[in-house]
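Just so it is clear, the values below take in all heavy atoms, side chains as well, and ignore hydrogens, waters and symmetry mates.
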Amino acid sequence: MSGKESFAARASGEERRKFRSRKSVEPSDLNLLASLERGAVRKDPGGRLSVALIWPGEYHTGQSSLGFLWVYRFLAQSRLGLAERFFSSDPVSGRPLSLESRRPLDSFDLLAASLVLENDYWLLLNLLTRAGLSPERSERRGQGPMLLVGGVGVWSNPWPVLPFVDLVLAGEGEEQWPPLLDLFTDKSFAALDYYGRLRALSAAVPGLLAPALWPEEALSGRGAPNLAETLSRSPRLRGRREDAASPPCANDSDSLKPVVPALLKWPFPQDLLPPATSILTPKTEFPLTTLVEISRGCPWGCRFCLAGYLYRPHRPWSGEAVLKAAFSQVPEGGRVGLVSPAVAEHPELGRIIDGLIERGASVGFSSLRLSALTESLAAKMSKAGLKGLAVAPEAGSQKLRDVINKNLNESEILSSAALLSSYGLRRLKLYFMIGLPGETLDDLAAMAALTEKIQKAVRGAGRGPVVAVSVANFTPKPHTAFESAPLATMEEMRKKGQLVAGLLSKIGGLEVRLDPPRWTLIQGLLARGGPESANLVRALNESGGRAGEALKIFRYAPTHHLHEPQVGVKPWRVVAPPVGFECLEEEEARSRSARITPACPTEGHCGRCRACQAALSGDRRN
């Protein structure tokens, strides 16, 4: 019996119950944490590439991330590699140890971190420091394990982490990890020097950036605003294969030639299953639930939505593949969560729900677009045991919903909410944003008015579901139609938040949550920051994650340039948006006149953007 098994056998029921009731995880909890898991893989490291898979955040969020779990499962199923997980529930002084075997972080061949949330970037630096590794790439000098990062945060804008990492993956892991693993396990690769390995990886792995190949003046910001010219002078970039997916360089128009993200082609390969939860545990956002991705991308094109632009076009997995992925993981009578930005738009959703019900599973949804709800779907959801649902009106007024291209009217919202209530929904969560482009005080009042109408619609003659309201501060994101919009200051966020909170408090019977302005500000500074944004990550690490202190170290002022409309150089455009730059500019122009853009067609290419060309035809050139 292994040490982990013997500990699990000794752990009392009371110890396990106390542990399940806590969200945060201390290093001393590793043994109990492992004992609660079903599906973790522990492999003999002999002859395999050992990968430290890092989630710089809490265990319960990392174990709910399908991208993070997909990499773990890919390496677990490969004969060439193995993965062991690291989390950062709290920045502590102890040496980071893996969950699987308690190996120290610096003993692995490759460090791979999933960076999804900008406000967690600093935790990666904290983990490196605790492991005895310098967070600064320049101080590591190519010694020790390489540090690779991926995830939607650094895909959309890698600048905040470029001084710290060796490799950045922009795109979808299914296209990148197979060639990456093949190269790392090739004997000839180990014989190359540091820069030779970086060049080999850049040539073999689509959507990969290797910042150490860039000239120092570009990384430090001294080359801005002539970034393209600075990058083109790098001697380390010259002599590369012409057909390789290369880092940015100058072109004839003296603008950036961006790295093109790797997108998984659709229809998906028949032998490939969708990402699904491979480890069941009660210590996640969705306890003992098998999450399964049913589609990737979204057809609706909300102008603020980063995921909607990066993962376009809408690419549903086949119903057969979804059920196979679920059945391979979920126990009889277990719970399944269907994950997608556009759940109701899946052409085989009814078949998927029926198949899961036949298996005895209860079914949940990540969210649902209200205009897509039908009585038949509501009945299936009720039969599948759905009790809570999140929906996103985003804005209270029709004018503002048209500005953001929500393509949803009030009658659809109210009738669908009432329909859900009639089928036994117990909890309805509403997502709104404040600070959207073109917003007025009337729009904020309309948010409260719509919330009250929804509450009345779901209550009807009876009690109805609990209505919870989450109000987020709008943060402009790269590669969206609003990428040039000004970021609100903390004072602006605070005033609008107080106004909305006061209006909602008059309704009564609501659960209300507002985003903290200070952390929204930090997210906004990192989301579209250039070379200078790495200093904010350093400041967060230096301050131990204290936002106010970090902003002082960073010397933030409300006159920061991101509080103004962004014109000229956009540093995040070192990565190309799948939809193409012209599409973003056209959508931004349409937003100014509140013009709706129709959803993507279910078949064929509409030609409004370049996403289908990249994901369906195989042409990835921008």
Side-chain angles (χ1 to χ4, degrees), residues 54-57 86 88 90-93 95-96 105-106 111 113-151 153-168 209-212 214-224 227 475 478 487 490 516 518-563 571-572 574:
I54 301 168
W55 180 266
F86 289 79
S88 184
D90 294 293
V92 294
S93 58
R95 191 181 189 189
L105 188 67
D106 58 348
L111 313 182
S114 181
L115 298 181
V116 176
L117 305 174
E118 293 93 344
N119 291 349
D120 287 345
Y121 291 173
W122 73 275
L123 288 169
L124 176 60
L125 276 60
N126 176 270
L127 278 169
L128 293 172
T129 302
R130 288 162 46 202
L133 298 169
S134 172
E136 303 289 338
R137 184 186 62 255
S138 60
E139 294 179 2
R140 297 196 300 271
R141 299 180 181 180
Q143 302 300 310
M146 279 190 179
L147 174 58
L148 174 149
V149 295
V154 292
W155 170 0
S156 62
N157 181 22
W159 282 107
V161 299
L162 286 186
F164 316 121
V165 306
D166 301 289
L167 305 166
V168 180
L209 294 83
W214 297 8
E216 181 57 34
E217 58 265 37
L219 292 172
S220 66
R222 295 195 302 273
L227 184 59
T475 307
L487 173 68
M490 274 196 293
R518 186 170 286 157
W519 279 106
T520 301
L521 173 64
I522 288 175
Q523 178 192 154
L525 295 174
L526 294 175
R528 296 183 299 167
E532 82 292 340
S533 61
N535 289 329
L536 180 53
V537 181
R538 293 184 178 102
L540 285 163
N541 188 41
E542 181 181 338
S543 68
R546 290 182 287 273
E549 184 179 337
L551 289 169
K552 289 179 182 178
I553 296 171
F554 182 61
R555 298 183 179 179
Y556 162 78
T559 56
H560 193 283
H561 71 93
L562 285 176
H563 294 309
W572 56 87
V574 295

For this session: State, yes or no, whether a side-chain contact exists between F554 and L540 at a heavy-atom distance under 4.5 Å.
Result: no
Exercise. Hey, are the side chains of E118 and P160 touching, using non-hydrogen atoms and a 4.5 Å cut-off?
Worked result: no
Exercise. With S543, which residues qualify under side chain to side chain donor-acceptor pair (under 3.5 Å), at least two apart?
Worked result: none
Problem set entry | Sub-4.5 Å side-chain heavy-atom contact between V161 and L124 | no
For this session: Using a 4.5 Å cut-off on heavy atoms from C-beta on, say whether the side chain of L162 contacts that of P531.
Result: no
Problem set entry | Check: G529 main-chain N/O paired with N157 side-chain donor or acceptor under 3.5 Å | yes
For this session: Hey, could you give me the CZ/CG distance between R518 and N119, rounded to the nearest 0.5 Å?
Result: 12.5 Å
Seminar exercise, completed: Between P96 and A131, the two heavy atoms sitting closest are CD-N, 3.7 Å
Exercise. Any donor and acceptor pair, going by atom type alone, linking the side chain of R140 with main-chain N or O of F164 inside 3.5 Å?
Worked result: yes
Exercise. How long is the span from the CG atom in L562 to the CG atom in L526, to the nearest 0.5 Å?
Worked result: 10.0 Å
For this session: Please report the C-alpha distance between N535 and R538 in whole Å, then the side-chain angles of each, then the deciding distance to 0.1 Å, and finally whether the side chain to side chain donor-acceptor pair (under 3.5 Å) criterion is met.
Result: CA-CA 5 Å; N535 289 329; R538 293 184 178 102; 2.8 Å; yes
Exercise. Distance from I54 atom CD1 to L115 atom CG, nearest 0.5 Å?
Worked result: 9.0 Å
Problem set entry | Approximate separation, where rounding is to 0.5 Å, of L487 CG and T475 OG1 | 6.5 Å
For this session: Quick one: closest heavy-atom pair of S156 and G153, and the distance?
Result: OG-O, 2.9 Å
Problem set entry | Worked check of side-chain contact (heavy atoms from CB on, under 4.5 Å) between Y556 and I522 | CA-CA 10 Å; Y556 162 78; I522 288 175; over 6 Å; no
Problem set entry | Contact check, side chains of V165 and V154, non-hydrogen atoms, under 4.5 Å | no
Problem set entry | Approximate separation, where rounding is to 0.5 Å, of H560 NE2 and E532 CD | 5.0 Å
Problem set entry | Worked verdict on L111 versus F86 for side-chain contact (heavy atoms from CB on, under 4.5 Å) | CA-CA 10 Å; L111 313 182; F86 289 79; over 6 Å; no
Problem set entry | Value rounded to 0.5 Å, distance of OG in S134 from CD in Q143 | 12.5 Å
Problem set entry | Shortest non-hydrogen contact between V574 and P158, atoms and distance | CG2-CG, 3.8 Å
For this session: Could you tell me whether W519 and W122 have their ring centroids closer than 6.0 angstrom?
Result: no
Exercise. By ring-ring contact (aromatic ring centres under 6.0 Å, His included), which residues pair with Y121, not counting sequence neighbours?
Worked result: none
For this session: Could you list all the salt bridge (charged side-chain N to carboxylate O under 4.0 Å, His left out) pairs where at least one residue sits in residues 544-554, not counting sequence neighbours?
Result: R546-E549
Exercise. Within a strict 4.5 Å, meaning less than it, do heavy atoms of the H563 and L521 side chains meet?
Worked result: yes
Problem set entry | Any side-chain heavy-atom pair of L147 and L128 under 4.5 Å | yes
